[in-house]
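Structure record follows, encoded as structure tokens.
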Amino acid sequence: MTRPYALLRAGFPYLKTVGMRRVVDFPVDVAVTRDMRVFALCRFEGLAGSAKIARVAWEDDANLGDISSTGSGEGQVTWPVQMLLDRGGNLVVSDEALHRITFITTEGEFVGMWGAHGSGDGELDRPSGIAFDADENLYVVDTMNHRVQKLTKDGRFILKWGTFGDGPGQFDMPWGIAVDELGDVYVSDWRNDRVQKFTAEGEFIFELGSSGSGDGQLDRPAGVTVDGDGDIYVADSGNDRVLLFNADGRYVEKFIGDATLSISGRAYMLANAKPLRLRDMADIEPQKRLRSPRSVRVDGEGRMFIPDYGSFRVQVYQKDAVPLSEEEIIAMPRSPTLQVT
């Protein structure tokens with residue numbers, strides 16, 4: 001795949017909502033199979049914490065049942081953070097409480113796991129973000145060791161980078177990670193309120209973001225992903241939104257939430273008189289908004305999936321952009337202005 005020289009950004013409209021409370025409880029990440037089954041990694045952080053992987057059908061929003069439960073046994077999760085699909089169609093889950101990576105099938109069968117608590121090469125201390133490269137080596141954000149490690153799919157150490165701090169290539173509790181089609185690596189640096197970009201070997205390229213709530217600013221960035229156009233998406237959890245940057249790190253736009261009721265949510269409301277009355281009395285505007293999103297994912301069709309953590313659902317948007325060649329658009333002006341002639 002070749003990246004376009006530029007884009008005509010026609011829009012990025014809201015598409016639909018998937019899931020509801022009691023099915024998708026506190027989703028922290030999402031994975032979507034080729035046959036459009038939606039898997040939500042759920043984690044409740046209250047006194048009686050619980051975790052699971054919920055399955056929901058894309059077309060009719062049907063509850064397909066959970067495939068994992070809370071615990072430390074084979075195939076179970078305790079404090080899961082992120083989830084991927086590997087080439088074999090298995091789910092790969094990072095678990096910061098158990099300091100391990102777990103592999104299970106989409107039917108819930110245990111495949112394998114690895115990880116040991118510590119700070120040595122290949123050891124983990126509260127792993128969070130995970131991302132595959134083109135060879136299915138796994139980059140793991142080793143949060144409390146303030147570093148990134150690259151390991152083989154079966155957990156053998158390859159390389160690492162990062163130390164505690166706020167300089168280039170340093171981290172303060174990093175969280176999310178993404179690898180683009182060129183092999184470059186993007187890491188959300190949670191307590192430094194930024195995203196850093198590196199080569200596959202960990203050489204610093206650039207950073208984006210600063211602390212705050214303005215356009216392009218971040219407050220505790222969590223998940224990060226990159227699409228085939230090179231656009232960078234950041235789950236800005238502390239600001240209850242997702243930010244979009246272009247391949248050069250320039251801020252483009254934000255998503256604050258536009259949710260309607262999902263199919264399952266509508267059916268539940270119509271079957272229960274009290275929730276119907278409460279919604280009839282409610283200010284609907286806040287009900288649409290994102291609440292502390294922990295991740296963001298984009299598929300090959302340009303659909304953006306946002307696990308809406310505090311609202312027990314997944315909001316989905318559809319990218320609408322036209323690729324442009326160098327011949328179709330003028331060169332970047334030295335002093336950009338917007339002028340109508």
Side-chain angles (χ1 to χ4, degrees), residues 17-21 23-32 38-46 49-54 56 68 70 77-85 91-98 101-102 126-131 139-144 148 171-178 186-195 209 213 217-226 232-245 254-257 259 289-299 303-317:
T17 292
V18 177
M20 60 167 287
R21 193 167 191 171
V23 178
V24 181
D25 295 313
F26 299 99
V28 293
D29 205 359
V30 62
V32 183
V38 180
F39 290 78
L41 182 65
C42 301
R43 167 181 168 174
F44 174 56
E45 299 171 346
S50 63
K52 66 180 185 179
I53 300 174
V56 182
S68 184
T70 307
V77 289
T78 299
W79 289 352
V81 182
Q82 291 206 321
M83 177 172 63
L84 304 173
L85 280 162
L91 293 164
V92 187
V93 182
S94 63
D95 194 314
E96 63 172 318
L98 303 176
I101 309 297
T102 298
R126 292 180 59 181
S128 54
I130 50 176
Y139 286 91
V140 180
V141 177
D142 192 5
T143 299
M144 295 309 294
V148 172
F171 302 110
D172 189 350
M173 294 181 65
W175 186 314
I177 192 167
Y186 305 73
V187 182
S188 57
D189 194 358
W190 192 73
R191 291 186 65 177
N192 282 325
D193 295 325
R194 65 182 179 181
V195 172
S213 58
Q217 294 185 314
L218 300 168
D219 182 7
R220 300 302 186 252
V224 59
T225 195
V226 184
I232 306 163
Y233 304 75
V234 184
D236 186 15
S237 62
N239 285 319
D240 300 311
R241 64 188 185 180
V242 167
L243 299 189
L244 171 59
F245 301 82
K254 60 179 175 286
F255 302 87
I256 61 173
R289 303 307 179 208
L290 293 166
R291 295 183 177 93
S292 191
R294 308 294 176 86
S295 179
V296 56
R297 300 292 184 183
V298 180
D299 70 8
R303 288 179 292 240
M304 176 175 59
F305 298 81
I306 306 174
D308 194 353
Y309 177 81
S311 295
F312 322 109
R313 63 195 176 191
V314 178
Q315 295 198 40
V316 188
Y317 294 75

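No hydrogens, no waters, no symmetry mates; every other heavy atom, side chains included, goes into these values.
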[atom1]-[atom2] distance between [X] and [Y], expressed to the nearest 0.5 angstrom:
| X | Y | atom1 | atom2 | value |
| --- | --- | --- | --- | --- |
| Phe44 | Phe312 | CZ | CZ | 8.5 Å |
| Leu290 | Asn239 | CG | CG | 11.5 Å |
| Met83 | Cys42 | CE | SG | 8.0 Å |
| Ile177 | Ile130 | CD1 | CD1 | 10.0 Å |
| Leu91 | Leu85 | CG | CG | 5.0 Å |
| Asp142 | Ser94 | CG | OG | 11.0 Å |

Quick one: are [X] and [Y] in side-chain contact, heavy atoms under 4.5 Å?
| X | Y | value |
| --- | --- | --- |
| Met144 | Met173 | yes |
| Val195 | Val187 | no |
| Val32 | Asp299 | no |
| Trp175 | Val81 | yes |
| Lys254 | Leu243 | yes |

Which atom pair, heavy atoms only, marks the closest approach of [X] to [Y]?
| X | Y | answer |
| --- | --- | --- |
| Lys52 | Asp25 | NZ-OD2, 3.3 Å |
| Gly176 | Val141 | O-CG2, 3.8 Å |
| Trp190 | Ser237 | NE1-OG, 4.3 Å |
| Val28 | Ser295 | O-CB, 3.1 Å |
| Leu218 | Arg194 | CD1-CA, 3.8 Å |
| Thr78 | Ala97 | CG2-CB, 3.7 Å |

Got more than 12 heavy atoms from elsewhere within 6.0 Å of CZ, Arg303?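 Yes, the 6.0 Å shell around CZ holds more than 12 heavy atoms from other groups.
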
State whether the number of non-hydrogen atoms from other residues, nucleotides or ligands found under 6.0 Å of Arg21 atom CZ is greater than 12.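 Incorrect, the count does not exceed 12.
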
Side-chain ([X]) to main-chain ([Y]) donor-acceptor, under 3.5 angstrom:
| X | Y | result |
| --- | --- | --- |
| Thr143 | Pro174 | yes |
| Arg289 | Gly257 | yes |
| Thr102 | Val93 | no |
| Gln315 | Ala259 | yes |
| Asp95 | Trp79 | yes |

Testing Asp189, Asp193, Asp240, Asp172 one by one against Arg220 for a salt bridge (Lys or Arg N to Asp or Glu O under 4.0 Å), which residue passes?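 Answer to the salt bridge (Lys or Arg N to Asp or Glu O under 4.0 Å) test with Arg220 among Asp189, Asp193, Asp240, Asp172: Asp193.
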
Report the relative orientation of the aromatic rings in Phe26 and Tyr309; use parallel for angles under 30°, tilted for 30 to 60°, perpendicular for over 60°.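 The rings of Phe26 and Tyr309 sit tilted, inter-plane angle from 30° to 60°.
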
Decide side chain to side chain contact (heavy atoms under 4.5 Å, CB included) for Val234 and Tyr186; before the verdict, give the C-alpha distance in whole Å, the side-chain angles of both, and the deciding distance to 0.1 Å. CA-CA 10 Å; Val234 184; Tyr186 305 73; over 6 Å; no

Is the closest side-chain donor-acceptor distance between Ser128 and Arg126 under 3.5 Å?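 Result is no, nothing qualifies.
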
Are the charged groups of Asp29 and Arg297 less than 4.0 angstrom apart, N to O?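 Between Arg297 and Asp29 there is a salt bridge, with a charged N closer than 4.0 Å to a carboxylate O.
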
Only one of Val316, Val298, Leu244, Thr225 forms a side-chain contact (heavy atoms from CB on, under 4.5 Å) with Met304, so which one is it?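 Considering Val316, Val298, Leu244, Thr225, a side-chain contact (heavy atoms from CB on, under 4.5 Å) with Met304 is found only for Val298.
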
